[in-house]
There are 2 protein chains.
Amino acid sequence: MSETALESQARPRGRRPMSERRRWLQRLEISREAVRLFRERGVAETTGEDIADAVGLSVRTLWRYFRSKESCVEPVLSLTTDAFVDTLRRWPSGSSLEEHLVADHRMRDQVSPADGDATLAVVAMSRREPALRALWLVVYERAEPVLAQVVADRLGRSPEDLAVRVQAATLAAALRITTEDLAADLADGRARSDDEGGARLSEAVRAATHGVLGDEPPSA
Amino acid sequence: MSETALESQARPRGRRPMSERRRWLQRLEISREAVRLFRERGVAETTGEDIADAVGLSVRTLWRYFRSKESCVEPVLSLTTDAFVDTLRRWPSGSSLEEHLVADHRMRDQVSPADGDATLAVVAMSRREPALRALWLVVYERAEPVLAQVVADRLGRSPEDLAVRVQAATLAAALRITTEDLAADLADGRARSDDEGGARLSEAVRAATHGVLGDEPPSA
DNA sequence: TCAATAATGGCAAATAGTGCCATAAAGGCG
DNA sequence: CGCCTTTATGGCACTATTTGCCATTATTGA
């Protein structure tokens with residue numbers, strides 16, 4: 001086991017594994033094409049081969065990146081939800097959520113309008129596509145531990161606390177439902193301004209937290 | 001168009017469609033066998049043909065009852081979550097949730113210990129099986145509209161209200177997380193009594209609702 | 001250039017699911 | 001009881017999904 005001792009400084013000698021970031025980008029590229037095809041023809045009418053062709057990959061390699069064709073949309077969804085969560089993470093204590101949403105512009109830098117559109121389209125499609133619905137819920141569940149950390153920091157408690165985890169799940173549900181409402185409104189032709197979106201989000205978070213996290217209506 | 005007028009009293013002449021209840025029982029029977037096989041051999045090692053054979057159906061008919069082998073576990077999960085939701089529906093205003101959980105025994109009549117075990121086993125497996133996890137989340141999402149009605153009744157508001165829907169999602173998350181904790185504890189060999197389960201559930205609901213629904217700690 | 005390692009692609013095979021049609025089962029009616 | 005109608009099931013072929021295996025290619029260090 002002298003090898004074990006040297007393990008930490010063992011230099012790899014061949015081709016290095018794909019970097020995490022490069023793999024992430026590749027998955028995102030596939031994801032965008034998959035969403036485009038799903039929107040154009042529908043999920044059932046899009047085959048794994050179609051997606052692979054659109055990206056310029058072999059089918060075999062596609063299945064190395066994703067376990068199913070539906071899960072191809074996951075990176076685009078995660079991109080948007082991660083931006084949401086990051087925005088919440090930057091929400092300073094003592095300010096209202098609405099003020100923060102107006103003041104914090106980094107979310108618009110983090111996710112392009114095209115990806116935002118794509119996400120809302122997938123959420124709208126998920127009303128009819130059980131596989132997409134399941135994926136959407138899974139994506140939001142994965143946000144819960146991150147939100148638990150945010151809540152824990154804010155309340156000065158442990159992220160393992162049952163109350164903290166429940167509060168995080170609550171926050172996730174508020175974000176999710178607001179997004180679903182927005183997607184439904186857009187899909188059904190009811191337009192909505194970004195400002196109203198922010199207000200609805202604040203309302204949802206307030207309904208979910210009852211002010212425990214320190215947000216107050218801006219008029220108060 | 002005269003046919004349209006008579007449509008309501010048109011008597012069917014051939015074999016009647018399977019009753020909703022019979023179809024539900026058939027799905028439940030399949031579900032129990034599927035869970036049994038999944039527990040014994042794992043999901044990947046269980047094929048659709050295995051499930052069909054266990055129930056005594058042809059594979060073709062199995063796929064008429066379920067769209068995928070993983071979704072076969074859905075009826076057992078729904079059985080348990082429905083019982084949970086029904087218990088909440090019977091929760092009288094003005095009493096603490098813990099008192100209600102102790103007093104209301106109908107949940108134990110509604111779901112057998114075997115089905116409860118099966119549900120917890122599936123939840124435990126869902127930590128490693130993405131398809132089961134997705135299904136579990138979908139089952140709980142379907143409970144949200146029902147819970148929204150419960151919340152709406154309790155608060156005298158519309159079940160369409162954003163705040164009501166968010167509160168319902170919050171309640172669903174509390175139930176879900178409590179169940180997941182219980183499943184994890186059981187799977188990891190940490191026993192837990194029913195009483196403690198009720199206490200944890202009350203704690204979760206209280207953390208989620210902040211007393212808005214009228215529950216109070218029994219000591220208060 | 002050579003050796004080593006990782007990514008990709010091609011092919012075959014197993015599994016998952018669907019469409020189509022034949023047959024069996026369950027009713028009503030004479 | 002046979003006759004007719006409708007539904008549930010089963011069998012078969014077929015497509016799609018997904019994985020294992022191996023050859024090929026690409027990328028790195030020596």
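What's counted below: heavy atoms across the whole structure, side chains too, no hydrogens, waters or symmetry copies. Each chain gets a letter, A, B and so on, in the order its sequence line appears, and its residues count up from 1.
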Quickly work out the [X] [atom1] to [N] [atom2] distance and round it to whole Å.
| X | N | atom1 | atom2 | result |
| --- | --- | --- | --- | --- |
| A:Q26 | D:dA26 | CD | P | 16 Å |
| B:D53 | D:dG11 | CG | P | 11 Å |
| B:L57 | D:dG11 | CG | C1' | 14 Å |
| B:R27 | D:dA8 | CZ | C1' | 16 Å |
| A:L62 | C:dA7 | CG | P | 16 Å |
| B:D50 | C:dG17 | CG | P | 14 Å |

Within the 4.5 Å heavy-atom criterion, are [X] and [Y] side-chain neighbours or not?
| X | Y | result |
| --- | --- | --- |
| A:I51 | A:C72 | yes |
| A:E129 | A:E70 | no |
| A:T179 | A:T81 | no |
| A:T87 | A:R106 | no |
| A:W91 | A:D104 | no |

Annotated protein contacts, base or backbone, on nucleotides 22-30 of chain C with a non-hydrogen cut-off under 4.0 Å, one of B, S, - each
---BBBSS-
Within the 4.0 Å limit for protein heavy atoms, which parts of nucleotides 13-22 of chain D are touched? Write it as a string from 5' to 3', B for base, S for sugar-phosphate only, - for none.
----SBBBB-
Establish, with yes or no, whether the OP1 or OP2 oxygen of C:dA7 is under 4.0 angstrom from a side-chain nitrogen or oxygen of A:Y65.
no
For D:dG10, take OP1 and OP2 only and decide whether either is under 4.0 Å from a side-chain N or O of B:T61.
yes
Do side-chain atoms of B:S78 reach the backbone of B:P75 as a donor and acceptor pair under 3.5 angstrom?
no
Hey, is the main chain of A:T46 close enough, under 3.5 Å, to the side chain of A:K69 for a donor-acceptor pair?
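Yes.
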A:E180 and B:R165: salt bridge (charged side-chain N to carboxylate O under 4.0 Å, His left out), yes or no, with the steps?
CA-CA 12 Å; A:E180 288 168 5; B:R165 281 184 298 140; over 6 Å; no
Counterpart residues, salt bridge (charged side-chain N to carboxylate O under 4.0 Å, His left out), relative to A:D86 (two or more places apart)
A:R89
